[in-house]
Amino acid sequence: MSIALSEQEILRRESLKQLRALGINPYPAEEYKVTATAEEIADNFERFPDNYKSVTIAGRIMSRNIMGSASFAKLQDSTGRIQIYIKRDDICPGEDKTLYNTVFKKLLDIGDFVGVKGYVFLTQTGEISVHVQEMTLLSKSLKPLPIVKRDEEGNIHDAFTDPEQRYRQRYVDLTVNPEFKQIFIKRSKVISSMRDYFNKQGWLEVETPILQPVHGGAAARPFATHHNTLDMQLFLRIANELYLKRLIVAGFDGVYEFGKMFRNEGMDRTHNPEFTSMEIYVAYKDYNWMMAMVEECLELVTRAVHGIPVVQVGANEINFAGPYEKLSMYDSILKYTGIDVSAMDETALRQTCAELEIEVDNSMGKGKLIDEIFSAKVEANLIQPTYITDYPIEMTPLAKKHRSVNGLVERFELFVNGKEIANAYSELNDPIDQRERLEEQLILAGRGDDEAMAMDDDFLRSLEYGMPPTSGLGIGIDRLVMLMTNQSTIQEVLFFPQMRPEKKARVTTAEDFTNIGVPAEWVPVLNKMGFNTVEELKAANPNKVFNDLGGMRKKLKLEITMPAKEVVMAWFA
RNA sequence: GACUUGGUAGCUCAGCCGGUAGAGCAACUGACUCUUAAUCAGUGGGUCGAGAGUUCGAUCCUCUCCCAGGUCACCA
C-alpha cells in the first residue's frame, strides 16, 4: 500500500536524513533517564526551588516560538505540559551553532520526542519553565500532528474533534487532546478499586474460557469461529456465568472475573461488539446479601474515582452511597403505568402492550412481554441507583425460584441514570429445575427467538454433583465507567472502539512502480505528480515526465539522485 | 436495518445562481535573546470521499456506493 506523501511528510523525511548525516541518530536505543515530570515541577517548584536546579525531562514538542537565537517550546510528557526555554549560546557554547541553528530550528518538528536537561526558572511573565542546557533527540515524528491551540481563557482553537479520526487514531487523539486520558485513568481506577475490594473479601480472581463450544449464560447472538486442529465450531463467549458456577461447584467460595464478552449484535452509543464485564459468584449467599455488597462496592468505587460517593452525570447528580431504592418488577410497572401486570397471562399482556403502543412479535413469551413494558415505561425513570427485583420466571432461566412468590425468580438488576448496569441472582442450583428451564429455552428457540439460551449438558452435570446456594452478579464495566466519567457514548470509554476498516485510498502499491524500474524514492514523487497507477504513468509523455521529475526534485528540494533519461524511458517500455 | 447530517490543504472550516477552490493554524524562506493562540514580511501546499449520469463545463445538480455522527429499531 502506497499513499502519496504530503509536502510536510516529505520534508520531515528529508530532515530525518539530514539528522543522520549530522551523526544524530533520530531513534537512539539508549535509556534516557528522566528525573522529573511536568506535573511534579508545576506542583512543587515554587515551594522547593532548590530541588529543581538540575532536572532532566522528556516528552513531545507540542509548540514552538522561535525568536532568533532564543526560543520557547512546550514539552508534553505523560503528566502534562511544561515550557522549555532554549538559548542558542547555552546549548551551543562553542563556535559551532549547528545544534541550535540547524537541528533545533530546522530539523526538529512539533511531535518529535526530545529529552532536555536544565534548570527550572520563572519567566518574566511568571511561567514555570526549564532553561535548557542539553537537548537530545529521542524520536523523530514523520507525520504532522493536528495543532490544537489553547488561549489564556482556556478556549480551544482548531480542536481535533472529528470522532472518526479520534477513534481510528486514538494515539493522535490522546496526544493532542490529553484531557481525554482522564477517562481512561478513571476507568483503570474503577477496575482496580473493585478488584481490591473483592480481594480484601478473600475472593479469587479467575480466568475462564473465551472460546466456548456452547455459548451460554446470556441471551445474545454469538460470534462463531472454527478451530482447525479439533475441526470444530467454537463461539466467542457471550457470558462466563456457567464456567464461574462450575468453579463454585469445584469448591471455591468466591470467584470473580473481569473480562471481555462478545455479542454479535447492533452497535450504538451503548453497545460495542466486545465489551468488558465483571462477574462474581459467592457461595452461601443470596440476592439480598448481594444488594448490600453492591452498595458497599459501588460507593467505594465512586470514592476511589471522585473522592466522594456522588458523581455528576449529565444533568443528574447521582449518589452511590447506599441503601438504594428497591422496587419489584411488577411494582415498578404499577408505579410508572398504573397497570398491575402481576396476574396477567400472555394474552392479557399482549393486550396491554397494544394499549401502551409497544411493538411486540409472536416469538415473545410472557417474560419478554413484561420486559418490553418495563423497558418502554419504567427504565428511563430510574435515575438514582435503584434495584428492580423479582423478575418473572420466563425471563430468567438461570435464577432460583422466588422463596415465597410463585412465578417469580430471585433476581435484581441495578438501574442508574435510566440504564441497567448490574444483574444478579440467587443462583439456581437445583439441577432438575435447571434442566427444565433450559428445555423451555429450547422451545423459545423453536419459536424463532434466536437469542434463547442453549442447552449445556456439562454445566447441568456439574450442578448434579451439587452447587452450594450461591449469589452471582454481573456488572457492565463500560457502562459503569460511562457513569463514572460522565460520558454518553461507549466509544469514549474504549480506547479502540470497533470501526469498519478504513478504505484503502490507493489501489496501486509502491511495488507496482518499482517492478517497472522506478527507484523506490521516486514513487512518492510520481504519486505527487498525479500518477497513482502504472497505467496512468505509461499513458503520459515520457519526455515530459522526465522533465517534470527534475522540476519536482528542484521544487521539493529533494536530495535524491535524478534517474538517467534512459532509465526513465525504460519505465515506458 | 430505516431515517437524517456530514466527508474540501496535515488540522479546523468557508466556498453565492454550475465556470476545476479560499481563510486561520501547521509547513517553508527571512527577521527577532522572556514568548505564550508570539509577532512581522514573503512562499508553497488540493484526485473537493469513490464511481457513474446530466451539461460546452460539476466541489456544487441527479443516481449508486463507501466511511462517520445523530435519531429510531434491534440489543441489556
Side-chain angles (χ1 to χ4, degrees), chain A residues 4-12 14-15 63-74 81 83-90 100 106 109-111 121-127 129 131 141-168 172 176 218-221 238-239 261 263-273 275 277 359 361 371 374-375 379 395 413 415 419-423 450-451 474-476 478-479 488-489 491 497 499-507 527-528 530-533 536 555-557:
Chain A
L5 295 176
S6 70
E7 179 190 33
Q8 294 191 44
E9 289 174 290
I10 292 168
L11 285 162
R12 285 184 179 218
E14 271 311 301
S15 298
S63 68
R64 295 197 297 175
N65 293 347
I66 295 173
M67 302 164 301
S69 57
S71 298
F72 287 95
K74 288 278 196 311
R81 291 186 187 188
Q83 180 167 266
I84 60 174
Y85 177 62
I86 302 151
K87 231 167 139 174
R88 183 188 63 202
D89 296 338
D90 286 352
Y100 183 82
K106 304 288 179 200
D109 292 288
I110 289 174
F121 73 109
L122 280 182
T123 64
Q124 285 175 7
T125 50
E127 178 163 351
S129 307
H131 190 123
S141 163
L142 294 181
K143 288 179 90 70
L145 286 169
I147 305 297
V148 178
K149 296 208 169 192
R150 292 165 177 79
D151 64 22
E152 279 183 359
E153 287 84 50
N155 300 315
I156 294 177
H157 303 264
D158 300 328
F160 181 68
T161 53
D162 176 20
E164 176 168 5
Q165 295 207 73
R166 287 188 49 232
Y167 301 151
R168 284 195 196 282
V172 173
V176 303
R221 283 188 289 269
I238 57 174
M261 305 297 154
R263 297 189 183 177
N264 205 342
E265 286 168 354
M267 292 164 56
D268 60 30
R269 69 177 194 279
T270 56
H271 296 83
N272 194 65
F275 63 99
S277 90
E359 267 184 60
D361 67 60
D371 191 35
F374 176 82
S375 303
E379 238 183 74
M395 297 165 65
E413 291 190 321
F415 286 83
K419 302 261 160 48
E420 180 237 325
I421 63 160
N423 181 22
D450 55 0
E451 290 168 350
I475 293 181
D478 308 289
R479 291 183 185 180
S488 57
T489 71
Q491 285 120 312
M499 303 283 273
R500 283 201 165 82
E502 277 180 272
K503 201 169 34 171
K504 299 274 193 293
R506 315 286 169 188
V507 291
N527 291 340
K528 200 82 206 155
F531 301 118
N532 288 302
T533 66
E536 284 170 12
K555 188 170 149 191
L556 297 175
K557 299 189 167 57

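The sequence lines fix the lettering, A, B, ..., with proteins before strands; numbering per chain opens at 1. Just so you know, these numbers use all the heavy atoms, side chains as well, and skip hydrogens, waters and symmetry mates. Nothing here was measured: the structure is a model prediction, and the numbers come from that model.
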> Touch check for A:Y100, heavy atoms < 4.0 angstrom, all strands: base, sugar-phosphate only, or nothing?
nothing

> In whole Å, what is the span from the CG atom of A:N155 to the P atom of B:A37?
11 Å

> I need the minimum non-hydrogen distance between A:R479 and A:I421, along with the two atoms involved.
CB-CG2, 4.2 Å

> Figure out the CD1/P separation between A:I10 and B:G44, and round it to whole Å.
17 Å

> Would you mind reading off the distance between A:I86 atom CD1 and B:C32 atom C1', rounded to a whole angstrom?
16 Å

> Between which residue ranges does RNA chain B form stems of three or more consecutive Watson-Crick or G-U wobble pairs, both distances under 3.5 Å?
B:1-7 with B:66-72, B:10-13 with B:22-25, B:27-31 with B:39-43, B:49-53 with B:61-65

> Taking the nucleotide of RNA chain B with the nearest heavy atom to each, does A:K74 or A:F160 sit closer to the 5' end?
A:F160

> Kindly point out which of B:C28, B:C67, B:A37 is positioned nearest to the side chain of A:E164?
B:C67

> So, taking the atom named CZ in A:F72 and the one named CE in A:M67, what distance separates them when rounded to the nearest 0.5 Å?
5.0 Å

> Should the ring pair A:Y85 and A:H131 be called parallel, tilted or perpendicular, given that the plane angle runs from 0 to 90° and is split at 30 and 60?
perpendicular

> Select one nucleotide: of B:C67, B:U33, B:C25, the one nearest the side-chain heavy atoms of A:I147.
B:C25

> Separation of A:N264 atom CG from B:G1 atom P, in whole Å?
13 Å

> Output yes when at least one side-chain N/O atom of A:R263 is less than 4.0 Å from OP1 or OP2 of B:C75, else no.
no

> Nearest to the side chain of A:Y167, heavy atoms from C-beta on, is which of B:G69, B:U33, B:C75?
B:G69

> Tell whether A:E7 reaches the base of B:A27 with its side chain through a donor-acceptor pair below 3.5 angstrom.
no

> Can you say whether a donor on the side chain of A:Q83 sits under 3.5 Å from an acceptor on the base of B:U35, or the other way round?
yes

> Counting heavy atoms from C-beta on, name the nucleotide in B:U29, B:U12, B:U33 closest to the side chain of A:K106.
B:U29

> Taking the side chain as every heavy atom from C-beta outward, state whether A:I147 and A:D158 have any atom pair closer than 4.5 Å.
no

> Using a 4.0 Å heavy-atom cut-off, does A:E379 contact any base of the nucleic acid, only the sugar-phosphate backbone, or nothing at all?
nothing

> Taking atom P in both B:G45 and B:U29, compute the distance separating them and give it to the nearest angstrom.
16 Å

> Can you identify which nucleotide, out of B:G69, B:C32, B:G10, has its nearest atom closest to the A:I66 side chain?
B:C32

> Closer than 4.0 Å, any side-chain N/O of A:R269 to the OP1 or OP2 of B:U71?
yes

> Taking B:G49 as the reference, what is the distance to B:G10 when you measure between their P atoms (whole Å, please)?
13 Å

> Could you tell me how far B:U64 sits from B:U5 if I compare only their P atoms? Round to whole Å.
14 Å

> If you compare all heavy atoms of A:F275 against all heavy atoms of A:D478, which two are closest, and at what distance to 0.1 Å?
CB-OD2, 3.1 Å

> Is the backbone of A:I110 close enough, under 3.5 Å, to the side chain of A:R64 for a donor and an acceptor to pair up by distance?
no

> Write down the atom of A:Q491, the atom of A:R269, and the distance for their closest heavy-atom approach.
OE1-CA, 4.2 Å

> Would a 4.5 Å heavy-atom cut-off, applied to side chains only, mark A:Q165 and A:V172 as touching?
no

> For B:C17, does the glycosidic angle fall within 90° of 0 (syn) or outside that (anti)?
syn

> Between B:U35, B:U12, B:A38, spot the one nearest the side chain of A:K149, thanks.
B:A38

> Look at the side chain of A:D268 against the base of B:C75 and say whether a donor-acceptor pair falls under 3.5 Å; ignore hydrogens and angles.
no

> Are A:T270 and A:D268 close enough, and set up right, to give a side-chain hydrogen bond (donor to acceptor under 3.5 Å, both in side chains), and what steps lead you there?
CA-CA 5 Å; A:T270 56; A:D268 60 30; 3.2 Å; yes

> Output the single nucleotide from B:A68, B:U33, B:A38 whose closest atom is nearest the side chain of A:M499.
B:A68

> Ignoring the backbone of A:E265, work out which of B:C34, B:C75, B:U33 is nearest its side chain.
B:C75

> Using atom P of each nucleotide, how far apart are B:A52 and B:U12 to the nearest Å?
28 Å

> What integer distance in Å separates A:M67:CE from B:U39:C1'?
10 Å

> Find the distance A:D162:CG to B:G70:C1' and express it as a whole number of Å.
14 Å

> Expressed as a whole number of Å, how far does the C1' atom of B:A23 sit from that of B:C17?
23 Å

> Roughly how many Å apart are B:G22 and B:G44, using the C1' atom of each and rounding to a whole number?
15 Å

> Given B:C11, is OP1 or OP2 found less than 4.0 Å from the side-chain N or O atoms of A:Q165?
yes

> Taking only N and O in the side chain of A:R500, is any of them less than 4.0 Å away from OP1 or OP2 of B:A68?
yes

> Pick the C1' atom in B:U54 and in B:A14, then give their distance to the nearest Å.
27 Å

> Write down the distance separating the P atoms in B:C40 and B:A26, rounded off to the nearest Å.
12 Å

> Check whether any side-chain heavy atom of A:E164 lies under 4.5 Å from a side-chain heavy atom of A:M499, and answer yes or no.
yes

> Once you round it to whole Å, what is the distance between C1' of B:C32 and CZ of A:R88?
12 Å

> Looking at every heavy atom in both A:P144 and A:Q8, which two are closest together, and how far apart are they?
CB-OE1, 3.6 Å

> Ignoring the backbone of A:T489, work out which of B:G10, B:U33, B:G70 is nearest its side chain.
B:G70

> Here's a test of your reading of the structure: between A:T270 and A:E9, which maps to the more 5' nucleotide of RNA chain B?
A:E9

> The side chain of A:E152 lies closest to which of these nucleotides: B:C13, B:U29, B:A37?
B:A37

> Between atom CE in A:M267 and atom C1' in B:G70, what is the gap in whole Å?
14 Å

